[in-house]
Number of protein chains: 2
Amino acid sequence: MTTSDTAHAILDAAQALAQTRGFNAFSYRDLADRVGIRTASIHYHFPSKADLGRALVERYHDVVAGMLAAIARDTTDAPERLARYADLLESVLATPGEGDELRICLGGMLASDFPTLPPDMQEGVAYFVRANVAWLADVLERGRNDGTLAFTGDSDAAATALFSALEGAMMVARSCDDPSRYRATADWLLANFARNASTAVGTTVG
Amino acid sequence: MTTSDTAHAILDAAQALAQTRGFNAFSYRDLADRVGIRTASIHYHFPSKADLGRALVERYHDVVAGMLAAIARDTTDAPERLARYADLLESVLATPGEGDELRICLGGMLASDFPTLPPDMQEGVAYFVRANVAWLADVLERGRNDGTLAFTGDSDAAATALFSALEGAMMVARSCDDPSRYRATADWLLANFARNASTAVGTTVG
DNA sequence: GTCTATAAGATGATAGAC
DNA sequence: GTCTATCATCTTATAGAC
């Protein structure tokens with residue numbers, strides 16, 4: 001293996017902190033306390049915080065890319081793929097974060113930290129966003145072509161809107177301290193991409 | 001007036017920095033450099049950073065609330081109100097920030113900083129989010145009732161989705177370093193709330 | 001109101017022993 | 001690989017002169 005157990009533990013702690021508080025809001029001391037080593041030992045594995053951040057973004061991208069590939073392998077049904085994507089983000093929100101604070105998708109969190117990040121990390125974040133939007137755009141386009149989804153306009157614009165809405169919904173849910181708000185928003189979004197929108201969740205048609 | 005010119009200048013500088021980098025990513029020193037005074041003078045106006053943050057959130061909420069009231073005063077047309085709301089956020093993105101970095105809505109930015117904020121600010125951010133979603137929900141509900149808008153499901157869920165999408169679109173636009181991406185996403189969203197969605201921007205119907 | 005001076009603590013980072 | 005020790009710098013914040 002290319003990465004030691006200690007490096008893994010450091011990355012796990014760093015990811016939990018980055019997802020709850022952002023990349024600039026935790027220190028090597030925070031990591032040292034949680035991993036049970038000294039800050040100097042962390043510098044051995046990740047000489048600078050930029051190195052740590054780069055590894056963090058790369059690992060997260062790889063994990064998510066693997067999950068998206070798994071979804072595409074499990075089902076070809078476009079609505080089901082979208083539902084699984086929304087569930088993926090919900091599971092992030094449900095993963096215990098720091099204390100009672102909710103985790104946000106690392107990509108969305110780093111997007112909000114963007115201007116303060118080292119150049120390497122900025123590239124990684126932009127790549128993550130592009131990859132997610134492209135995956136969604138592909139699902140949307142296929143779904144519209146096979147008649148399982150219905151929406152108007154450019155599939156790239158639709159995918160950007162959907163990605164933005166899901167990421168934003170995590171932020172809104174956390175600022176309301178109500179994870180169920182993410183679920184409600186995601187369900188509404190998914191229903192509005194369904195072929196027969198009149199059967200949407202919560203529709204009031206009598 | 002209840003707030004001095006210096007206090008105004010401090011708040012202006014703090015807002016620009018908070019909108020580009022977040023509340024924890026600027027210091028009294030940053031403010032002092034920009035306003036042209038010393039950090040001690042800032043502490044005279046805002047004893048603690050929590051005091052500064054509280055004032056920042058309150059002022060921003062009041063300004064936005066005033067703009068939403070102005071939109072409601074200018075037009076009763078629901079699609080036009082939504083368009084004006086999207087334009088409002090676009091003007092934030094277009095306002096020169098820190099260097100060549102783009103500004104984000106302060107509400108969205110602080111929502112991403114949420115767990116690290118002092119309790120007073122957390123309340124203010126939650127209030128801002130609730131107020132914006134409630135305003136949008138009212139516009140959506142009225143538009144559906146008078147037939148100028150069409151969407152399925154609960155108007156609160158729709159409003160949360162729209163708010164989340166617009167806030168998220170700003171983050172995505174910035175991480176792509178492409179403000180026009182916000183415009184494209186907003187246009188797509190607005191088109192999908194229009195009564196006749198087949199006339200949506202970018203529709204490929206021949 | 002603004003300044004100088006200063007405090008106490010945190011931060012990312014390095015040198016060198018074990 | 002991990003440690004102790006140390007560094008320069010930055011952070012929020014206060015005391016007291018002008």
Side-chain angles (χ1 to χ4, degrees), chain A residues 1-18 20-57 98-99 109-110 113-122 124, chain B residues 1-18 20-57 98-99 109-110 113 115-122:
Chain A
M1 58 201 103
T2 171
T3 311
S4 71
D5 285 350
T6 303
H8 272 300
I10 293 167
L11 286 172
D12 288 345
Q15 186 175 328
L17 283 160
T20 52
R21 304 182 184 172
F23 184 69
N24 300 301
F26 71 88
S27 65
Y28 271 50
R29 194 184 198 180
D30 293 320
L31 298 176
D33 291 345
R34 281 158 183 77
V35 175
I37 53 176
R38 302 293 175 155
T39 61
S41 305
I42 300 178
H43 279 287
Y44 169 80
H45 294 280
F46 303 100
S48 78
K49 203 178 175 187
D51 293 318
L52 172 61
R54 183 186 39 69
L56 210 52
V57 174
E98 201 50 38
M109 206 62 198
L110 296 182
D113 289 333
F114 199 81
T116 68
L117 300 178
D120 276 359
M121 288 186 73
Q122 291 189 346
Chain B
M1 59 201 101
T2 171
T3 311
S4 73
D5 284 351
T6 303
H8 272 301
I10 293 167
L11 285 173
D12 288 345
Q15 185 173 328
L17 284 160
T20 51
R21 304 182 184 173
F23 185 69
N24 301 300
F26 72 88
S27 66
Y28 271 50
R29 194 184 198 178
D30 293 319
L31 298 176
D33 290 345
R34 281 158 184 76
V35 175
I37 53 177
R38 300 296 174 148
T39 61
S41 306
I42 302 178
H43 279 286
Y44 169 80
H45 294 280
F46 304 100
S48 78
K49 202 178 175 186
D51 293 318
L52 172 62
R54 183 184 39 70
L56 210 53
V57 175
E98 201 51 38
M109 206 61 198
L110 296 183
D113 288 334
T116 68
L117 300 178
D120 276 0
M121 289 185 73
Q122 291 189 347

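Chain A is the first sequence line, chain B the second, and so forth, proteins listed ahead of strands; every chain is numbered from 1.
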Nearest-nucleotide 5' precedence on DNA chain D, A/R38 against B/R29:
A/R38
Considering only C/dA13, D/dT14, C/dT2, which nucleotide approaches the side chain of A/T39 most closely?
C/dA13
Between C1' on C/dG12 and CG on A/D51, what's the gap in Å once rounded to a whole number?
12 Å
Between NE2 of B/H43 and C1' of C/dA8 the distance, given in whole Å, is 13 Å
Please state how far atom NZ in B/K49 lies from atom C1' in D/dC10, giving the value in whole angstrom units.
12 Å
Please check the phosphate of C/dG12 (OP1 and OP2 only) for any side-chain N or O of A/S48 closer than 4.0 Å.
no
Protein-nucleotide distance (A/N24, atom CG; C/dG12, atom C1'), rounded to Å:
12 Å
Please report the interatomic distance CG(B/L52) to CD1(B/I42), rounded to the nearest 0.5 Å.
8.0 Å
Presence of A/Y44 side-chain N/O under 4.0 Å of D/dG1 phosphate oxygens OP1/OP2:
yes
Taking the side chain as C-beta and beyond, is there a heavy-atom pair between B/F26 and B/K49 under 4.5 Å?
yes
With distance as the sole test, does B/D120 use its side chain to make a donor-acceptor pair with the main-chain N or O of B/R54 at under 3.5 Å?
no
Ignoring the backbone of B/A40, work out which of C/dT14, C/dT4, C/dT11 is nearest its side chain.
C/dT4
Nearest to side-chain heavy atoms of B/S27, which nucleotide of C/dA13, D/dG1, D/dT11
D/dT11
Give one of base, sugar-phosphate or nothing for A/F46, where a contact means two heavy atoms less than 4.0 Å apart.
nothing
Rounded to whole angstrom units, what separation is found between the OH atom of B/Y28 and the P atom of C/dA7?
21 Å
Considering only C/dA13, D/dT12, D/dT2, which nucleotide approaches the side chain of A/I37 most closely?
D/dT2
Backbone N/O of A/S48 and side chain of A/D51: donor-acceptor pair under 3.5 Å
yes
Atom-to-atom span, CD1 of A/I10 to P of D/dG1 - whole angstrom:
11 Å
Compare side-chain N and O positions of A/T6 against OP1 and OP2 of D/dT2 and report whether any pair is under 4.0 Å apart.
yes
Hey, does B/H45 have a side-chain heavy atom less than 4.5 Å from the side chain of B/S4?
yes
Can you tell me if B/H45 touches the phosphate of C/dT2, counting only side-chain N or O atoms and a distance under 4.0 Å to OP1 or OP2?
yes
Within less than 4.0 Å of OP1 or OP2 of D/dC3, is there a side-chain N or O belonging to A/S41?
yes
